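Please read the structure below before turning to the comments.
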Amino acid sequence: MSQYESELLILLVEDLYGDLCSTVFKALIHLHRTTLPVLAQYTGLQTRRLKATLCVLIQNHLVVFNTSRDEGITFYEADRKGAYDIVRFGKSVKICEERFGRGAGQVIAHVLSLGHVPIAEIIQKYNAEMSQKSKRGKKRLRTNPPATNGAGATADHTEITSSTFSAIESQKHLRAIVRQLLDEQMLLPERQYFFKPSYDVHEEAEAIVKKEEFPKGLKGTKDKARLLQQVNELKRKWRDDDDDGDGTGRNGSAAKAIRKFKTPRINGAFTNGVNGNHVNGDEDVELNEELVVRLNHERISVAIRTERLTNLAGRYLGEIPSKVYRVLLRSIEDQIPRCFDDLKDNGNESDEEDEIRPTTSTTNVASLLAELYPKVNLKDGLVHGQLNGHSDGADGHQDSDEESDSDEDTVRPAGSREALRENKERLSDVREHLWALADDPRGFITWTNSPSREWEVDLSRLNQVLIQHELEETVTHSFGNMGTKVLRILKDKGKLDEKQISTFGLLRPKDIRPVLSAMQETGFIDLQEVPKDLSRQTSKSLWFWYFDPVRTRQNMLQATFKGMSRCLQRAKKQRLEFNLVVDKADRLDIRGKEDAQLTRAEREQLAKWKEIEEKLHVQLGRMDDTIAVLRDFDGAVGEN
Amino acid sequence: MGEPSAAAGALYDACMEAEEPGHYFYQDDLLGLGLTTNVEALQKLCSELTRTQRFRIYTSEGRPCWRSRGEREARKLVLLADSDRMVYECIEAAGRNGIWAKTIKSKTNLHQMAMNKALKALENGSLIKEMKSAKTPMRKNYILFDLEPSEENTGGRFYTDGEMDVSLIDTMSQILLYFVSAKSWAEKVPSPAEKAAPAVKKPPGKRTRNDVEADSNSADFEMEDTGHYVPVPFRKGNSRPTGFCVPHPHGYAGYPTIPEILKAVRESGVFTADLVLSEEGIQQLLDALVYDGQLEIMKIPARTFAAGSMNTSRAGSSISADTAGLSNPGISKRRRQADPDEDLEEMAVKSVRRSRPTIGYRTTRPLLRPGPHGSAYRVDALGSGYTEAPCGRCPVFEMCVSGGLVSPETCVYFEKWLGLKDEDNEDEQRVADGLGGEEWVPPRKKGKEGNKRAKIAIGYD
C-alpha cells in the first residue's frame, strides 16, 4: 500500500469524520494490524474514548476487526477500500437519484451517513421527520431547499440528515424505494464478512476447508490448488450468500455470481419467514424491517463503468449511439454483480467459461430506451436509404426482418397495424445504432447470432480499452499527440529502439527524443539497455524503449492518489483563510438563515469559499473517475 | 599511356555498346563480342585496358572477369596518383552502399593526410561525392559520383538526403486523410422541423469548460460534450457543412482500402514519385496515421459485387489486431515487411484471402470543443481528471509534499487554477515587498510617480 493512498485516506476520513476519527484511523494505517492497548498507547487516547471512536469507525466501514477464537484478542485494521469509498458518497447518491428517483438518492444518502442501518430505523426516521414537519408547518421546507445537499463528494452530512426525506411522499413510497434498491442490489444486507479483515477471513476459510476436505493434510501442488479453489468458494459463499453462516448451512447454489433480479433473501437468523413481517395489512411491499442494510459499493463501480463506457462511445460515435449504448449497458447490469471478482480462481481451467460476457437483445434495448430516453429521436443519428440494399444477409439482419414481415402479414386489427409498423421501424433504428457500436473498431458490442441473446459485451476487453484510453488521454494532455503515438507504437510492437520508432511512426528521431525522455521521466515508458559486448560501453549498447501497461497503470494510479490528496490538502488550507465566516455560517442559529444573519461581506466570502470548495471537490470526483478506471474495473494491477 | 591502342579501343567500345559501364565481363563474353578469337590476344588487350583504367580485373568463383568503367572516369583516373586511385577503387567496390572514410583508411592503409588529399582530389574531379546515410548520420561516407545511394542508406522512401522528409510525409498524410475522410462518415442534414425546434438539444456554443466544472452535481454523470452537434469536419470540396457526422449504416462497404486510396492518389496527380506511390508506401503512411489516432481500421464485409474490379484486397496492415481493436485476430495479426519475396507469396495466397473481410480505413471522429460564437475547435484529448487538476501538469509534482518547499498549501498553480490570484494582488504583493512596508503606494493610483518612489526607496535600502 502506497504512501499516497494512505495519505489520501487519512485526509478523507479527517474531512468527513473529524480529527478524532482521523487520529485513530491514521494510527491504524501506520500500525496495520493492532490491538486496543497498543492503539491507546500510540494515540494517547483514553481507552473509553478510543472505544467509542472505533465504534464510529466500524459503523462506517472504516475499520475491520477480528477476535481470534483461541486467545480472545481483538485485532483492528483500517479498511482501505471502505475509506476510499468516502470519495464516492456524492457520486453514489447521484447515481441512485438519477436511476431510481430523488427519494432513492435520499435514502442512499441517509444510509451512507450512518454506514449501515436497519430498515426499521429508516422508516422510523422518516416517521419522526414527518411528524416534526407537520408540527412546524411547511415553512421550513421552503426556506431550506434540498438543492444545497451534497454539493461535493464529501459535503457535510449533517445537512443531508436535517432534511433527509423531502422527496418521499409517504411511508409506502419509502418502502417501495427500499425494496427497489434491495432488488437492484444497490442496498445490501450487512454481513459479518464485511467486518473482518481479509486475512482473517482467509485463515478461517482455510481452516474450515482443511478440516473438512483434507483431514490427512495436503499433498502436492494439485491439492494446494484445490484448497485455494475451495477456500475461494467458501469465501464467496460468505460474501454473497444470504445466511451469515459459518460454512455450514445451505449449499452454494445461491452464491452463483450472476443473479437475475433475485431478491437478496432475508437473514435467516432474524426471521421466522418473510411473510410474517408486515406492519400494516395494506402494505404491498415485502420488507424485513430488521434487515440491516448498507450500500453496495461494487454496484456503484459497475454504474461508473457504464458511464465511462458511454462516454467513450460518445467520443467515437456521437451522442445518440452512446445513449443507445448506455441503455444497453444498463440492461445488462443486472447480470454483473461486480466489476471483477477477486475471489474467482484465476489461472484455472474454468477461466474461459467464467469470463463475464453478458448479453442482451435488441428488443430489450428498444423497450428500455423508450423508458429512459423517451425524447431521443433515433433517426437523428441515422442515414437511411442508400446502402441498406446490399447489406449481406450473413449478419442475421435480414432474417429478423423477414420474421417481422411475416408477423405483419398475419391478420390483425387495422388499428394496431400502424402501431406495429412504427414499432418495427423503431426496432430497426435501434438495431442500426447497435450495429454502429458493433462495427466500431473498439468493439463496444459483438453480434452473437443467437436469437435470444443477440448482443454480447466483452467487458474484460473493454476494461482494457478503457484503461488504455485513460492512459492515452493523460499522455496526450501532457506530452501532446506525439507522446500518444509513441505509446501506441510501443504497445503494439513491443521493445523498439529509437530508429524503429521513427520508422513506424514516420517521425524524425530528433523530434521524438525529447518526448521519449520526458515520458520516461514520468514513468509512462521505460528504457532497457542491451550491451552488445562485454565492455558495456554506453555508445555500443542498444537502447530499447518499451511500454509496460501494468507498471504505467500503477504509476498513474499513485500519481492520481497523490493529486487527490493535494486537492484535499489545498481545500483544508483554503478553508483556514475563510475560517471565521465558515464557522459562523456553520452555527446552528445561523444555518438556513444566512441571508438574514450574515453581513453582505460575509455572504460574499461564504460564496467565494463555496465556489473554491466545490471546484476542488468536483476535481476530486473527476480524479476518482480515473481511479475507478485504473483500479476498480479490472483488478489486475500488479499481476496481469 | 592515357589512350589505349586502336584494337583495345575497339574492344572497349564494343563492351560499352553491349552493356552499361560497371558491367562484369567474363572471358567468354569478351570473346563472344567477335573482335578476337585468340585468347592470348584478348589477354593482352584486357591488360592494356586495365592499365588505361578502362577495365578493372576481378575474380569471381576462381574465374577472372573484368569490370568496365566509363570513358570519362577512365580518362581522369589515368592521370591520378596511385594513392588516389587506391582510394577510388575502394569506393568503387562499395558500390551503391557507399563507404565510410575510416574504412577506406584501414583498407588502403594510407596515412590520414594522404587519404584526405586523395579524397579531396577525387571530389574535385567529380569522381566521388559525399553521401549522407540515414543509418549512420554522423559518419562521412563516400560513393561514386554517378551512383545513387542505395535505399538502405537513404533510409527508405520517405527520406531525402538521409533525413526523414517530414514535409513530404505531412503533405501525403493530409492527402490520404482527405480521401479517407470523404468516405468515412455519413452526413446527416437535420430536417427543417428539427432545425426549427432545437429545444431538445443543447446548443454547443453555450457550454464551456467552466460551466462543466461549475454545475458540480450534474457534471459528473452527464455526457461529456462530444461534439455531436458540431459540423462534419472533413468534407469533400469547400462547401460549407450543413449537417452532422453520423456513422454509416452497417454493411457499408465504402471505407477506402489501400488499393483504392492508391488509385485515388495516383489519379489526383499530386504526387508522381513512384517510391511513395506504392502500396507499401501508402500502407506505411496509413499505419502511422492509425498510430496517430487519426484513422481507425474498419472491417469491410466481403464485397461480392466488387470482387472482380478489386484486384488486390489484402489485410496487410502491420498493426496488430489488438491495437486496431479488432476482435477477430485472424485479420491482421500477420506481419509483413516490404519484401519482394513476400509479395510473391502474397500473390499466391491472395485468392484465398479474398473471401475474408477486407480492411478499410475511417477517420477517427474528431474531438471538438465548442469555441466562441458557436464555432468549434479540434482538440487532441479531453485529458483525464488527473491532468485537469494542476497536479497533473505540475513540473515539480515529484517534490510536492505537505509542508515542504513545494507544497499544496503554497502552490502557485493551485492559486491560479482556483482564480485566487489576479493581477491586482500580484502588484500589491510586489509593491509591498519592494517598499519593505515603509511607504505603501496604493496599487491602483500608482503611476509614474509611484514607481519612482519605489525605486528611491529601494535605493536607500
Side-chain angles (χ1 to χ4, degrees), chain A residues 91 94-95 98 151-152 307 311 314-319 321-322 375 381-383 387-388 390-392 432 435-436 439 441-443 446 465 470 473-474 476-478 481 484-485 488-489 491-492 502 504-506 508 559-560 563 566-567 569-570 573 612 614-615 618-619 621-623 625-626, chain B residues 156 158 164 166 169 186 188 194 200 213 216-217 219-221 223-224 226 228 245-252 284-285 287-288 291-293 296-298 301 305 319-320 322-327 364-365 367 380-389 391-393 400 402 408-409 411 414 418:
Chain A
K91 221 172 264 180
K94 174 85 192 143
I95 286 172
E98 190 259 331
E307 303 304 329
N311 278 348
R315 186 254 170 275
Y316 286 107
L317 287 169
E319 190 178 326
S322 83
K375 277 188 193 159
L382 291 179
V383 192
L387 276 144
N388 280 348
H390 45 250
S391 78
D392 45 325
E432 203 58 72
W435 269 114
D439 282 344
R442 275 148 292 272
T446 11
V465 173
E470 193 76 18
E473 285 281 299
T474 310
T476 314
H477 214 101
S478 327
N481 263 344
T484 322
K485 194 169 177 177
R488 289 196 187 113
I489 293 173
K491 178 171 181 273
D492 190 35
S502 101
F504 284 126
L506 293 180
R508 259 190 307 208
T560 314
R566 294 296 172 265
C567 268
Q569 279 164 335
R570 183 70 193 197
K573 183 247 170 180
I612 290 170
E614 191 173 285
K615 198 166 179 181
V618 167
Q619 200 54 47
R622 292 191 51 84
M623 285 201 244
D625 282 347
T626 303
Chain B
F158 297 110
M164 194 168 270
V166 176
I169 293 165
K188 170 81 181 174
E194 282 163 355
V200 196
E213 272 160 8
S216 62
N217 275 340
D220 281 4
F221 282 98
M223 271 292 304
E224 290 209 24
T226 46
H228 178 69
C245 63
V246 297
H248 278 296
H250 175 63
Y252 172 74
Q284 217 178 335
L285 281 164
D287 280 356
Y291 286 132
D292 225 358
E296 42 196 37
I297 297 175
M298 298 297 291
F305 62 95
I319 296 175
S320 75
D322 284 349
T323 302
L326 295 172
S327 41
T364 307
R365 198 168 198 281
L367 195 55
D380 294 330
L382 291 171
S384 53
Y386 171 58
T387 51
E388 276 165 9
C391 297
R393 288 164 283 157
C400 185
S402 183
E409 287 85 10
C411 179
F414 259 124
L418 289 170

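Since the structure is predicted, the reported quantities are computational estimates derived from the model, not experimental observations.
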Is the shortest heavy-atom distance from the side chain of [X] to the side chain of [Y] under 4.5 Å?
X      : Y      : answer
B/T387 : A/E473 : no
B/M298 : A/P441 : yes
A/K573 : B/F414 : no

Gap separating the [atom1] atom of [X] from the [atom2] atom of [Y], nearest 0.5 angstrom:
X      : Y      : atom1 : atom2 : value
B/E388 : A/M623 : CD    : CE    : 9.0 Å
A/T474 : B/Y386 : OG1   : OH    : 8.5 Å
B/C400 : A/Q569 : SG    : CD    : 7.5 Å

Side chain, backbone, both or neither of A/T560 within contact of chain B (heavy atoms, under 4.5 Å):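 Both parts, heavy atoms under 4.5 Å.
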Considering all heavy atoms of both residues, which atom of A/R570 and which atom of B/E409 are nearest to each other, and what is their separation?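 Looking at all heavy atoms of both residues, the shortest contact is NH1-O, 2.9 Å.
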Smallest separation among heavy atoms of B/Y291 and A/F504, with atom names: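 That closest heavy-atom pairing would be CD1-O, 4.1 Å.
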Among the options B/I169, B/V166, B/D292, pick out the one with the most heavy-atom pairs lying under 4.5 Å from chain A.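 Maximum pair count with chain A is reached by B/D292.
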Quick check on the interface: out of A/G563, A/A436, A/A559, A/S502, who has the most heavy-atom pairs with chain B under 4.5 Å?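 Most heavy-atom pairs within the cutoff with chain B belong to A/A559.
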Donor-acceptor contact present, side-chain A/R566 to main-chain B/C411, <3.5 Å: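 No; zero donor-acceptor contacts below 3.5 Å.
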